[in-house]
Amino acid sequence: MVKKVYLPVAVAVIIFMLSQVLIVRQVWMQKDEVFKLRYRSVAREALGEMIMKTGDSGFDKAYYIIDGPASLYFDQTAQLLCYEDSIMFSEKVRSKLSGALEKDQLVSKYISGAFERLGLEKEFKYKILINELYLINFDEKYLVYRAPKEQLIKQRKEDHILVNTFYSEGNHYKISFDYYIDIGNKKLILLREISLTLVLSLLSLVILSAIFIATLNNYLKEKRLSDLKTDFINNMTHELKTPLSTITVAGKTLKLEQILSDRDKILNTANLISKQSLHLNNLINLILDISIWERTQFQLDIKETNIEELLREISEGFRNGCGSECTFTEKLDLNGAQANIDIIYFTTMVNNLLHNAVKYSNGTPEVTLTASSNEMVSISVEDNGIGISRSDQKHIFDKFFRVGTGNIHSTKGLGLGLYYVKKIAEAHGGNVTVSSKPGKGSVFTIYIPKI
Ligand code: ADP
């Protein structure tokens with residue numbers, strides 16, 4: 001069920017996230033394109049300005065310098081014997097000449113100046129990639145290098161901006177090459193430019209996720225409550241049916257001829273009926289009490305009471321009811337402590353704990369009632385029963401909560417006893433705590449302010 005409702009919402013959130021990622025990516029790509037265009041056009045304008053001012057193509061000095069070695073290299077081409085020799089030779093010539101082009105040029109200085117004037121990033125790296133290089137001697141030509149298209153693309157980095165392709169022909173060479181610039185800080189600059197989009201995107205993601213989590217939590221809470229109510233109705237029907245059927249059978253039994261003539265049997269059956277009616281009455285009262293507390297303020301009939309005396313009466317009743325089926329110990333050390341309490345509710349509260357100690361036991365229940373008085377009166381009920389796991393301890397005082405799920409309970413109950421205990425303890429200005437280990441037993445302690 002949870003899956004059914006939340007799968008579409010989770011899918012919607014994922015789609016939203018992906019769309020945000022796509023939007024940010026799109027904005028980044030657009031900004032990147034604009035960035036490259038801006039730097040390229042400024043660089044080109046700087047080139048034009050440089051030619052106008054100096055009459056230099058930007059590489060004139062380099063062209064002049066490379067002509068000399070080029071003639072020497074041409075002479076060496078005759079000595080190349082095999083293919084491997086020619087490859088090594090080409091590489092040597094290419095790196096030598098492109099090194100000279102990179103070193104003896106004016107271009108980078110002019111471009112950097114133009115960037116600075118316009119407030120752009122003036123620091124950049126540049127790269128020269130040769131497209132075609134020939135060594136020449138009169139009408140003889142030796143092709144040193146021709147860049148294959150795919151190799152050019154591979155050599156070039158994504159961030160390289162092509163400023164211009166240059167072409168030059170000297171006495172002993174013919175060359176065509178590309179001049180690229182690479183703005184090192186580009187990513188940072190772009191990040192700054194898209195920061196608003198990024199922040200808005202992240203914010204909407206955080207808000208959406210928060211809404212999603214809150215809705216999920218709410219739904220799970222509602223669902224738990226609705227499951228608990230369903231369990232409660234099942235349990236209540238079961239709890240009410242049992243004494244009712246016993247009363248019905250007992251009523252029929254009373255009409256039987258052989259019973260009518262036996263006074264003892266009549267008395268036994270009547271006792272059974274009154275015991276079951278009392279149980280039924282208690283159950284209905286418990287449910288009514290709780291439903292009244294939901295709507296109105298707790299009304300306590302407060303009396304100054306000697307707690308030790310009252311606890312002794314409760315113990316007496318419990319010991320008689322329990323008989324030899326359990327071991328019951330009481331350790332009461334209250335020094336006559338008095339507290340303002342409603343005797344009926346207080347008695348029910350302690351009895352609930354005592355009965356649970358028996359109800360949730362494995363073998364023979366060993367129940368200990370301890371009471372002491374410090375700043376508050378503390379009353380503990382300890383048992384050697386099945387115990388409660390840590391995760392269930394968080395919920396046992398909730399209305400309708402029972403350990404286990406659905407109707408799979410070996411013990412009967414409505415999940416209201418501990419809720420009742422907590423409500424009453426709080427109405428007396430106190431509280432209740434639990435400490436328990438599965439398989440070892442539990443200790444419930446009620447704290448009540450003393451006078
Ligand atoms: P009920 O007994 O009607 O189920 P309670 O509110 O009294 O309802 O108890 C809630 C749940 O807490 C019980 O279903 C039981 O699983 C657990 N519980 C209560 N008291 C004990 C105890 N002494 N030992 C182990 N489990 C207990």
Side-chain angles (χ1 to χ4, degrees), residues 224-225 227-243 278-291 293-294 314-315 318-319 321-322 325-330 345-371 378-427 431-446:
R224 229 193 91 229
L225 211 70
D227 287 350
L228 285 178
K229 275 190 179 158
T230 315
D231 282 356
F232 168 74
I233 290 167
N234 288 338
N235 291 330
M236 186 177 70
T237 318
H238 188 75
E239 288 279 287
L240 294 178
K241 250 180 147 181
T242 317
L278 191 73
H279 179 54
L280 212 52
N281 195 41
N282 286 342
L283 267 178
I284 291 168
N285 280 344
L286 174 75
I287 297 164
L288 281 180
D289 271 354
I290 286 174
S291 93
W293 299 345
E294 292 296 290
I314 297 172
S315 299
F318 177 71
R319 190 179 281 110
C322 184
E325 279 166 29
C326 74
T327 315
F328 179 62
T329 320
E330 55 176 40
Y345 278 138
F346 183 90
T347 308
T348 316
M349 170 171 76
V350 178
N351 268 332
N352 277 358
L353 293 184
L354 290 170
H355 290 135
N356 274 354
V358 175
K359 209 157 98 178
Y360 298 104
S361 67
N362 261 331
T364 308
E366 284 172 23
V367 186
T368 311
L369 175 71
T370 315
S378 72
I379 302 143
S380 300
V381 176
E382 185 176 351
D383 64 54
N384 62 338
I386 57 172
I388 308 159
S389 70
R390 238 170 205 290
S391 55
D392 285 330
Q393 284 176 32
K394 282 186 220 145
H395 302 292
I396 49 170
F397 296 105
D398 293 351
K399 196 164 47 167
F400 306 138
F401 182 85
R402 305 201 72 214
V403 176
T405 47
N407 285 322
I408 317 163
H409 288 112
S410 45
T411 43
K412 288 190 269 169
L414 296 178
L416 291 174
L418 290 180
Y419 173 72
Y420 195 97
V421 169
K422 188 172 162 65
K423 277 266 176 190
I424 296 173
E426 285 173 355
N431 64 347
V432 55
T433 60
V434 62
S435 140
S436 181
K437 259 202 178 146
K440 296 262 187 272
S442 316
V443 186
F444 285 88
T445 308
I446 298 166

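Counting starts at 1 for both ligands and their atoms, in listed order. Computed from heavy atoms alone, side chains included, the values below leave out hydrogens, waters and symmetry copies. Positions are given from 1, in the same order as the sequence printed here.
Atoms of ligand 1 lying under 4.0 Å from any heavy atom of G413, numbered from 1 in the order shown and given with element: 3 (O). For ligand 1 and F401, the ligand atoms under 4.0 Å from any heavy atom of the residue are 10 (C), 11 (C). Short contacts between ligand 1 and L416, defined as distances under 4.0 Å to a heavy atom of the residue, involve ligand atoms 6 (O), 8 (O). Shown in contact with G415 at under 4.0 Å from a heavy atom are these atoms of ligand 1, numbered in order with element: 1 (P), 3 (O), 4 (O), 6 (O), 8 (O). The atoms of ligand 1 that sit less than 4.0 Å from any heavy atom of K359 are 1 (P), 2 (O), 3 (O). Of all atoms in ligand 1, listed by their number and element, those nearer than 4.0 Å to a heavy atom of I388 are 25 (C), 26 (N), 27 (C).
Below 30°, between 30° and 60°, or above 60°: for Y345 and Y420 the angle between ring planes is above 60°, a perpendicular geometry. Between H355 and F318, the ring-plane angle classifies as tilted under the 30° and 60° cut-offs.
You'll find the side chain of I396 reaches within 4.5 Å of the side chain of F444, heavy atoms only.
Remark: distances from the non-hydrogen atoms of G385 to ligand 1 are all 4.0 Å or more.
Neither the backbone nor the side chain of L353 has any atom closer than 4.0 Å to an atom of ligand 1 (non-hydrogen atoms only).
Nearest-heavy-atom check against atom 21 (C) of ligand 1 across F397, F232, Y360 picks out Y360.
In terms of modelled atom types and a separation under 3.5 Å, the side chain of S436 and the main chain of G441 share a donor-acceptor contact.
Pairing each heavy atom of L416 with each of K399, the nearest pair is CD2-CG, 3.7 Å. Residue P365 comes nearest to A357 through the heavy atom pair CB-O, 4.3 Å, listed as atom of the first residue, atom of the second, then distance.
Annotation for E325: atom CD does not count as buried by contact number, only 12 or fewer foreign heavy atoms lying within 6.0 Å.
Polar contact check, L414 against ligand 1: a nitrogen or oxygen pair lies under 3.5 Å apart. Here's the thing with L418: one of its N/O atoms is less than 3.5 angstrom from an N/O atom of ligand 1.
Screening residues 381-392 for side-chain hydrogen bond (donor to acceptor under 3.5 Å, both in side chains), with sequence neighbours left out, gives S389-S391, S389-D392.
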